[in-house]
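Written out below as structure tokens is the structure these notes cover.
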Amino acid sequence: MTQELLEQAQATPYALRADDHADELTVTSAAPHLAWKPAASSTSTSFEVEARVVGDGHVRRSRIEGLHAPWPWAPLRSRDRVQWRVRGLTPQTFWSEWAAFEVGLRDSDWTASWISPNEDGRDQPIPRPAYLLSGSFVPEGDVRSARLYSTALGVYTVTINTERVGAIELAPGSTSYDRTLYAQAADATRTIVPGCNTIDVELSDGWYRGEVGAFRAPAEWGTVTAFRGELHLDLVDGRTQVVRTDASWTSTLTTTRRASLMDGQSTDLTAPRHHLTRAAVTHVDAPPITWSPAPPVRVVQSRPAITATRPRPGVWVLDFGQNSSGWVKLTDLGPAGTRTTIDFGEHLASDGDLTTAHLDSERPGQPPKQFVQRDEVVSDGTTAVFEPRHTIHGFRYARVTRSSAAFDPASATMQVVHTDLNRTGSFASSNTDLNRLHQIADWSFRSNAVDVPTDCPTRERLAWTGDYQVFAPTATRLYDVLGFSRKWLQSVRDDQLEDGRIANFSPDGRRIKHHLDDQFAMMTGSSGWGDAIVAVPWELYQSYGDVRVLAENWDAATRWISWVTDKAATTRHHTREQASPEPEPFEQYLWDGTFHWGEWTEPQQVGKDGTRINPITDNPMAWFMADKGETGTAYFHRSVSTMARIAEVLGKLEDARRYADLADRILAAWRQAYLRPDGTTVTDTQAAYVRALSFGLIPDGLRSTAADRLVALIREAGNHLGTGFLSTGDLLPVLTEHGRSDVAHALLFQRTEPSWMTMIDRGATTIWEDWHGVDEKGDAHASLNHYSKGAVIRYLHTHVLGLRQAPGSVGWRRILIAPTFIPEVSHASGHHDGPQGRIDVAWRSDAGVFTLETSIPPLTTAQVALPDGTEHAVGPGTHHFATAPSALAR
């Protein structure tokens with residue numbers, strides 16, 4: 001590159017984005033959100049945006065303050081094709097390269113009918129088969145381009161002339177179908193041929209009418225699946241031909257005779273073709289069609305098996321080396337009539353065979369629900385490929401059973417399937433254990449990011465609010481999760497109960513908001529779970545600087561806080577009522593009288609007989625009725641304090657004052673109820689101290705005492721952690737920020753159970769749900785792919801690498817680089833792609849000399865704190881620092 005071109009590149013904005021990519025083209029709403037990164041040499045936050053709609057000849061220009069903005073002109077029309085670019089002002093930079101997007105069909109412009117399979121009035125048991133809906137057309141001229149717009153109540157795939165259209169998997173995705181339905185768009189130009197063309201849509205139950213959760217309850221979004229699609233053919237002569245779903249389409253069974261997202265898919269390629277009937281034109285109860293802000297689910301990687309064993313004749317066990325989400329693609333199906341069965345799981349038994357017993361679900365007094373993930377295919381003797389697209393599995397191992405024919409393990413590949421998130425952060429170090437921990441936590445999140453943030457890709461596959469509330473601050477360090485999270489938060493709002501409670505998981509196919517007499521409804525509205533409606537938007541705002549996410553969730557968050565405030569004031573825990581019939585005035589701010597999940601999955605104690613004590617299963621009523629008010633009130637305070645900050649950002653100053661006053665009252669109540677004068681807490685657990693210190697509940701004069709007690713509890717546990725679901729992610733930062741990095745690192749590198757290194761030593765490739773996920777005997781327990789405890793890797797970014805936002809910063813405008821020296825680590829490096837651009841940090845400790853190099857993007861300032869105690873304020877550019885010898889020992 002010549003010097004002139006290099007200087008131009010340095011002065012050109014880049015990474016232009018309009019909403020999010022849909023498939024093979026960028027498809028947006030009628031008023032997309034525009035964003036970009038500034039030129040490397042930029043010093044101004046003022047920009048000019050220019051846009052041109054293809055065909056209308058009008059040039060639109062607007063001045064924008066900041067790096068993103070809503071579409072600044074009148075809403076666009078359906079199918080408008082737009083080119084746009086941006087340049088910096090004061091001083092003026094070069095124009096960026098042109099970017100392009102297309103507007104999807106607005107809801108009012110859809111003309112196609114909803115059509116449904118003809119199921120002959122049969123009430124079929126779950127899992128049901130998939131159906132084929134087919135239509136045909138003849139182009140009325142030469143085709144310049146073709147766009148398919150489609151959506152469904154169910155899961156669908158589309159082919160035109162047997163060629164697949166688009167690359168989105170599991171469309172239209174997981175959503176709360178009573179309120180929100182997303183459409184997809186794809187370029188279908190290459191599939192169109194002269195003469196008669198055939199469109200085939202394979203439609204199955206999917207999330208809409210399939211099974212939900214660990215006990216496989218039927219989803220209650222609706223009783224009839226349906227598809228709606230429009231193929232727009234733009235002809236060379238300027239006309240547009242539209243092919244729509246209507247009464248001319250046909251319906252028949254496909255070769256997919258069993259299609260369940262949870263249980264699996266069965267395909268019989270030898271099945272006789274079922275007779276054709278007319279598809280039913282239905283008047284479905286569907287919400288308006290819109291466009292998802294999230295990236296799509298795709299096949300993101302193919303992995304061959306790393307080993308293949310034969311535990312017995314006709315059975316092969318394939319190890320793909322990585323626990324993840326997806327399916328197995330088979331290219332050799334054997335001679336005609338050969339049946340191949342594939343069972344999926346996370347663990348092998350001692351005999352080398354697949355086992356899934358640890359994933360069976362149990363309720364007290366009921367027989368266990370056996371966990372099964374099974375695909376089947378019967379060969380027709382052709383070169384057909386089996387790739388199931390109406391199911392998804394969580395697995396590392398696949399057991400292939402084929403008794404009547406040989407099997408070549410090389411014909412099977414693991415297709416890794418999840419939301420196609422854009423990576424924005426990395427971490428690497430000299431310590432292989434830390435690198436491996438980062439890897440398995442990253443994989444655990446990725447394989448649970450299947451359109452929504454699920455808890456596990458196996459047993460439940462539910463988007464629990466508590467899980468994502470815990471992990472969101474880590475997710476933002478790894479990937480661009482803004483659109484992904486905004487999509488999920490839409491479902492959280494859709495599922496909110498009338499009284500303001502936030503459902504335990506969303507989308508909620510069980511529709512608890514309509515079953516308030518259900519036992520599970522009594523367990524809805526827990527602290528740490530429902531508080532996601534406040535915590536997740538705030539984390540997204542801090543990370544991306546996008547105020548939209550605060551405004552979108554404001555009403556739902558205020559309803560949640562109103563419910564919590566009312567319950568705190570009107571309910572008391574039964575032990576308080578027994579101790580004193582008349583409540584103290586401060587008790588109206590204690591949230592202890594409703595159900596809380598509590599810390600959840602703390603390390604289990606071992607009884608005298610060597611068995612683990614599980615308070616939830618051993619005495620469920622005592623666990624259910626236990627006083628978890630310390631946790632509830634702590635989250636009550638954090639959420640109300642956060643609401644005060646959100647209100648201030650949104651310009652709601654009266655609300656900000658009201659919430660700030662309420663937060664002060666809750667804080668005083670928490671201290672009066674749960675804090676002793678000596679700085680210890682009434683509950684006196686590791687989790688309680690971590691939470692109290694992290695949430696700012698301990699007065700300044702007592703913080704060191706509380707931190708000392710936390711350390712003492714850790715020492716009493718033999719340098720083992722005792723935290724669970726909610727507090728583990730904050731454990732190491734709290735210790736380090738209170739001067740006890742030595743204890744933090746002892747926990748981080750602890751190799752005996754419970755610890756993260758135990759997971760690594762026992763072969764984990766994802767984070768376990770329980771600390772003893774694989775015990776010392778090699779037996780598995782609960783899910784082996786739950787990302788919540790992987791929140792620890794944020795510490796690797798913020799403290800080991802030392803890269804974090806400065807206090808009060810939003811959107812990475814001000815950063816702090818302050819590595820924490822660890823004897824086990826001699827060097828570390830990583831990056832974060834923030835709104836202003838890429839931040840790089842690399843440091844090395846060698847022979848007593850500490851060196852650090854960092855690159856700071858434009859419009860950003862950084863404070864660099866070195867281990868020798870010196871600090872340096874720097875701006876954009878690359879900077880090098882070095883300490884004197886022996887500075888690390890000071």
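Reckoned from all heavy atoms, side chains included, excluding hydrogens, waters and symmetry mates.
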Taking Arg486 for the side chain and Leu482 for the main chain, is one N or O donor matched with an acceptor at less than 3.5 Å?
-> no
Would you say the side-chain atoms of Asp19 pair up with the backbone N or O of His33, donor to acceptor, closer than 3.5 Å?
-> yes
Are Val450 and Val417 side-chain neighbours, meaning at least one heavy-atom pair lies under 4.5 Å?
-> no
Polar side chain donor-acceptor pair, His786 to Ser788, under 3.5 angstrom = no
For Gln542, look at atom CD and say whether over 12 heavy atoms of other residues, nucleotides or ligands are found less than 6.0 Å away.
-> yes
Give the intermediate values and the outcome of salt bridge (Lys or Arg N to Asp or Glu O under 4.0 Å) for residues Asp263 and Arg216.
-> CA-CA 9 Å; Asp263 277 0; Arg216 304 295 196 264; 3.0 Å; yes
Assess the side chains of Asp618 and Trp623: does a donor N or O sit below 3.5 Å from an acceptor N or O?
-> no
side-chain hydrogen bond (donor to acceptor under 3.5 Å, both in side chains) between Thr175 and Thr180, worked out = CA-CA 7 Å; Thr175 182; Thr180 302; 4.7 Å; no
Donor-acceptor contact present, side-chain His573 to main-chain Met625, <3.5 Å = yes
By side chain to side chain donor-acceptor pair (under 3.5 Å), Thr766 pairs with (sequence neighbours left out) Asn323
Do the side chain of Gln469 and the main chain of Gly528 share a donor and acceptor less than 3.5 angstrom apart?
-> yes
Parallel, tilted or perpendicular: which fits the ring planes of Trp591 and Trp563, with parallel below 30° and perpendicular above 60°?
-> perpendicular
Give the C-alpha distance, both sets of side-chain angles, the deciding distance and a yes or no for side-chain hydrogen bond (donor to acceptor under 3.5 Å, both in side chains) between Asp495 and Ser176.
-> CA-CA 7 Å; Asp495 293 336; Ser176 299; 3.0 Å; yes
Is the closest basic N to carboxylate O distance between Lys628 and Asp592 below 4.0 Å?
-> no
Does any N or O in the side chain of Asn504 come within less than 3.5 Å of the main-chain N or O of Thr465, such that one atom is a donor and the other an acceptor?
-> no
When rounded to the nearest 0.5 angstrom, what is the spacing between CG in Leu153 and CH2 in Trp114?
-> 4.0 Å
Ser783 backbone acceptor or donor facing Glu769 side chain under 3.5 Å | yes
Identify which one of Arg658, Lys652, Arg657 satisfies the salt bridge (charged side-chain N to carboxylate O under 4.0 Å, His left out) criterion when paired with Asp655.
-> Arg658
Looking at Phe445 and Leu421, what are the two nearest heavy atoms and their distance?
-> CE2-CD1, 3.8 Å
Do Arg106 and Asp109 touch side chain to side chain, with heavy atoms closer than 4.5 Å?
-> yes
Which atom of Leu784 lies closest to which atom of Glu346, heavy atoms considered = N-OE1, 3.1 Å
Under the side chain to side chain donor-acceptor pair (under 3.5 Å) test, which residues partner Asp555, sequence neighbours left out?
-> none
Taking only residues two or more places apart in sequence or in another chain, which ones pass salt bridge (Lys or Arg N to Asp or Glu O under 4.0 Å) with Arg511?
-> Asp178
Passing option when Tyr674 is tested against Leu590, Leu697, Thr631, Thr683 for side chain to side chain contact (heavy atoms under 4.5 Å, CB included) = Leu590
Any Lys/Arg nitrogen of Glu362 or Lys369 sitting under 4.0 Å from an Asp/Glu carboxylate oxygen of the other?
-> no
Decide whether Ser116 and Thr282 meet the rule of one side-chain donor and one side-chain acceptor closer than 3.5 Å.
-> yes
With ring centroids as reference points, do Tyr635 and Phe695 lie under 6.0 angstrom apart?
-> yes
Specify whether Trp538 and Tyr541 have parallel, tilted or perpendicular ring planes, treating 30° as the upper limit for parallel and 60° as the lower limit for perpendicular.
-> tilted
Would you say Thr391's side chain and Leu261's backbone share a donor-acceptor pair under 3.5 angstrom?
-> yes
Any side-chain donor paired with an acceptor under 3.5 Å for Glu211 and Ser260?
-> yes
Are the side chain of Asp455 and the backbone of Leu462 linked by a donor-acceptor contact shorter than 3.5 Å?
-> yes
Distance only, no hydrogens: is a donor on one side chain within 3.5 Å (strictly under) of an acceptor on the other, for Asn785 and Thr458?
-> no
With a 4.5 Å limit on heavy-atom distance, are the side chains of Val372 and Thr356 in contact?
-> no
Do side-chain atoms of Thr151 reach the backbone of Tyr182 as a donor and acceptor pair under 3.5 angstrom?
-> yes
Start with the C-alpha gap between Trp560 and Asp531, add the side-chain angles, then the distance that decides, and say whether side-chain hydrogen bond (donor to acceptor under 3.5 Å, both in side chains) holds.
-> CA-CA 8 Å; Trp560 163 249; Asp531 292 296; 3.1 Å; yes
Check whether the side chains of Glu602 and Thr723 place a donor and an acceptor atom closer than 3.5 Å, and report yes or no.
-> no
Glu220 and His515 side chains, donor-acceptor separation under 3.5 Å = yes
Rounded to the nearest 0.5 Å, what separation is found between the CG atom of Leu133 and the CZ atom of Arg228?
-> 15.0 Å
Separation between CG of Asp451 and OG1 of Thr419, rounded to the nearest 0.5 Å = 5.0 Å
Distance, nearest 0.5 Å, that separates CZ of Arg209 from CG of Leu203 | 8.0 Å
Ser727 versus Glu599, side-chain donor and acceptor atoms under 3.5 Å = yes
Decide salt bridge (Lys or Arg N to Asp or Glu O under 4.0 Å) for Glu498 and Lys513; before the verdict, give the C-alpha distance in whole Å, the side-chain angles of both, and the deciding distance to 0.1 Å.
-> CA-CA 7 Å; Glu498 288 297 321; Lys513 65 184 179 183; over 6 Å; no
Pair Gln496, Arg559: side-chain N/O donor-acceptor within cut-off below 3.5 Å | yes
Does the side chain of Asp494 come within less than 4.5 Å of Ser506's, by heavy atoms?
-> no
Thr454 and Asn448: CA distance, side-chain angles, deciding distance, side-chain hydrogen bond (donor to acceptor under 3.5 Å, both in side chains) verdict = CA-CA 5 Å; Thr454 60; Asn448 275 295; 2.8 Å; yes
Within the distance-only criterion (no hydrogens, no angle test), does the side chain of Ser447 pair as donor or acceptor with the backbone N or O of Ser324 below 3.5 angstrom?
-> no
Within a reach of under 6.0 Å around CG of Asp285, are more than 12 heavy atoms found that belong to other residues, nucleotides or ligands?
-> no
Residues Ala647 and Trp554: closest non-hydrogen pair is CB-CH2, 3.6 Å
Starting at CE of Met643, measure out to CD1 of Ile561 and round the result to the nearest 0.5 Å.
-> 6.0 Å
Cation-pi check, Arg510 to Phe520: give yes when NZ or CZ is under 6.0 Å from the six-membered ring centre and within 45° of the ring axis, no otherwise.
-> yes
If we ignore angles and hydrogens, is there a donor and acceptor under 3.5 Å between the side chains of Gln184 and Tyr156?
-> yes
Rounded to the nearest 0.5 Å, what separation is found between the NZ atom of Lys789 and the CG atom of Asp467?
-> 9.5 Å
Out of Trp464, Phe471, Trp488, which residue meets the side chain to side chain contact (heavy atoms under 4.5 Å, CB included) rule with Pro453?
-> Trp488
At their closest point, which heavy atom of His418 faces which heavy atom of Ser325, and how far apart are they?
-> CB-OG, 4.0 Å
